[in-house]
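For reference, the structure discussed in these notes is given below.
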Amino acid sequence: MKRTYLLGLAAIAAVTLFTTNVSAQEKKTEVGKAIQKTGKAVEKGATAVGNKTAEVAVKGGAKVVDQTYKGKMAPDGSNVYIDGKNRKYYINKKGAKIYLKASQIKTRPM
């Protein structure tokens, strides 16, 4: 009798605990929805700023360290750089170096 009573009490406690945790995760109010939208907007803006910062930093380093391939452009229209191992690359919008094949390099129009 005592054992059944204790098991029932433990089951009720567990169900109550799980129910309160589930309801705590929901954002039903207008304030909760506004906070969630603001958080996403801030995250998107921070990502854009970070990508632009990385692009400017890498391009600045490339102009100092590597040579610019005169009269040539990358598929996206940006400058082509030549590193110390004679590899050609350009810098994308996220600040990453994208190495090019000879067929991908275009002549810049005058």
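Any value given below was found using the heavy atoms of this structure, including those in side chains, with hydrogens, waters and symmetry copies removed.
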### Task
Could you walk me through whether Glu55 and Lys52 pass salt bridge (charged side-chain N to carboxylate O under 4.0 Å, His left out), step by step?
CA-CA 5 Å; Glu55 179 186 5; Lys52 190 63 177 179; 3.6 Å; yes
### Message
Side chains of Leu100 and Val80, heavy atoms from C-beta outward: is any pair under 4.5 Å?
### Response
yes
### Query
Does Ser78 use its side chain to pair, donor to acceptor, with the backbone of Ala74 at less than 3.5 Å?
no
### Summary
Output for pair (Lys44 NZ, Lys40 NZ), nearest 0.5 Å, gives 11.5 Å
### Query
From Thr47 OG1 over to Lys94 NZ, what is the distance, rounded to the nearest 0.5 angstrom?
9.0 Å
### Task
Write down the atom of Pro75, the atom of Lys106, and the distance for their closest heavy-atom approach.
O-NZ, 3.8 Å
### Rounded distance (nearest 0.5 Å) linking atom CD of Gln104 with atom CG of Asp76
11.0 Å
### Message
For Gln67, is the CD atom crowded, meaning more than 12 foreign heavy atoms sit under 6.0 Å from it?
### Response
no
### Task
I would like to know whether Arg87 and Ile82 meet side chain to side chain contact (heavy atoms under 4.5 Å, CB included); could you show each step before the answer?
CA-CA 6 Å; Arg87 296 182 295 180; Ile82 305 170; over 6 Å; no
#### Entry: Passing option when Tyr81 is tested against Tyr69, Tyr90, Tyr89 for ring-ring contact (aromatic ring centres under 6.0 Å, His included)
Tyr89
### Summary
Here the pair of heavy atoms bringing Lys72 nearest to Thr107 is NZ-OG1, 3.4 Å
### Which atom of Gly95 lies closest to which atom of Val58, heavy atoms considered
O-CG2, 3.3 Å
### Query
To the nearest 0.5 Å, how far apart are CG in Asn79 and NZ in Lys70?
8.5 Å
### Summary
Shortest non-hydrogen pair, Arg108 vs Met73, comes out as NH2-CB, 3.4 Å
